[in-house]
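Everything quoted here is computed from the prediction, not taken from an experiment. Keep in mind that the numbers below use all heavy atoms, side chains included, and drop hydrogens, waters and symmetry copies.
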Amino acid sequence: MADGATAAAAFVRDSTQRPSGQGVEGRMQGSPNGSTGAPVTDIDGARFRSVLGRFATGVVAITAIDTESGRPTGLAANSFTSVSLDPPLVAFCVAHTSTTWPLLRGADRLCINILSEPQMEVCKQLAIKGGDKFANIDWTESPNGSPVIEGALAWIECEVESEYVAGDHVIVVARVHHLDKHHDGDPLLFYKGGYGRFDG
């Protein structure tokens, strides 16, 4: 359903990206009460997405300059998290089927843009497979030249440090080199298959 990244409730699949809590259709150990030794239980993918979709997340755009074309590219994801303060590390997940991730992976540095509530269309545009993902998207350069999307709440420039295969995704751990707040505003949120905002 998406050209992007995911974890429990995220963007996945190369087709029409939206953060959808793409599931892992597999077998999981344990029981509802957390006891051990329970028989292995089949987990239905649709149920997995439905349940995990109740975890609200922010939305980020992971961007870079394609080394072959010299043009900006990116994908949208809600599987983003901080990992470590020392050293400064962040992580996100990407579907094996993503055609954009190999382009991003080839860049020296990536920029993670924390999207704001008015940037739903930016998110949807970056989620679509193929085409000029940056058409009509304004951006400036991070210190190392990665795209910082205009209107994002903050940006984090990082370098891929390690990757771990996890089911139908890869977990990417990246070292932070530069970061800053960019704009004030409300975050773009994803919850139960839809976009929204925080009212508090």
Side-chain angles (χ1 to χ4, degrees), residues 1-7 9-20 22 57-82 90-161 163 169-183 185 187-190 195:
M1 300 198 3
D3 178 19
T6 183
F11 300 160
V12 279
R13 305 276 186 247
D14 267 324
S15 53
T16 61
Q17 177 156 344
R18 64 177 178 80
S20 62
Q22 204 69 13
T57 67
V59 183
V60 300
I62 303 168
T63 63
I65 299 297
D66 181 353
T67 56
E68 292 189 6
S69 69
R71 302 179 66 180
T73 190
L75 57 81
N78 68 340
S79 59
F80 170 72
T81 185
S82 61
V90 295
F92 53 89
C93 301
V94 183
H96 295 311
T97 52
S98 173
T99 56
T100 301
W101 173 241
L103 304 179
L104 296 171
R105 182 65 181 85
D108 291 335
R109 298 281 175 87
L110 306 173
C111 191
I112 298 171
N113 297 262
I114 300 174
L115 299 183
S116 62
E117 188 270 332
Q119 293 184 298
M120 185 186 302
E121 293 306 315
V122 171
C123 172
K124 291 180 178 179
Q125 185 167 317
L126 292 178
I128 296 173
K129 180 180 177 181
D132 181 2
K133 294 196 172 193
F134 267 75
N136 301 315
I137 293 180
D138 295 327
W139 59 280
T140 56
E141 293 185 353
S142 67
N144 202 59
S146 300
V148 175
I149 297 175
E150 185 66 29
L153 298 180
W155 57 270
I156 303 158
E157 186 182 77
C158 54
E159 178 182 13
V160 174
E161 184 152 297
E163 298 178 70
H169 286 71
V170 59
I171 301 170
V172 181
V173 177
R175 182 178 293 258
V176 176
H177 290 279
H178 302 279
L179 75 170
D180 203 357
K181 294 181 289 184
H182 195 45
H183 286 289
L188 178 62
L189 300 180
F190 183 74
Y195 298 96

Looking at side-chain heavy atoms only, is the closest gap between [X] and [Y] below 4.5 Å?
X: T63; Y: P72; answer: no
X: W101; Y: V172; answer: yes
X: F92; Y: L75; answer: no
X: H177; Y: N144; answer: no
X: L153; Y: P187; answer: yes
X: E157; Y: P143; answer: yes
X: F80; Y: I156; answer: yes
X: F134; Y: I149; answer: yes

Using modelled atom types and a 3.5 Å cut-off, is there a donor and acceptor pairing between side-chain atoms of [X] and backbone atoms of [Y]?
X: T73; Y: D66; answer: no
X: D138; Y: E150; answer: no
X: N113; Y: A61; answer: yes

Using side-chain contact (heavy atoms from CB on, under 4.5 Å), reason through D132 and R71 one step at a time and then give a plain yes or no.
CA-CA 9 Å; D132 181 2; R71 302 179 66 180; 3.0 Å; yes
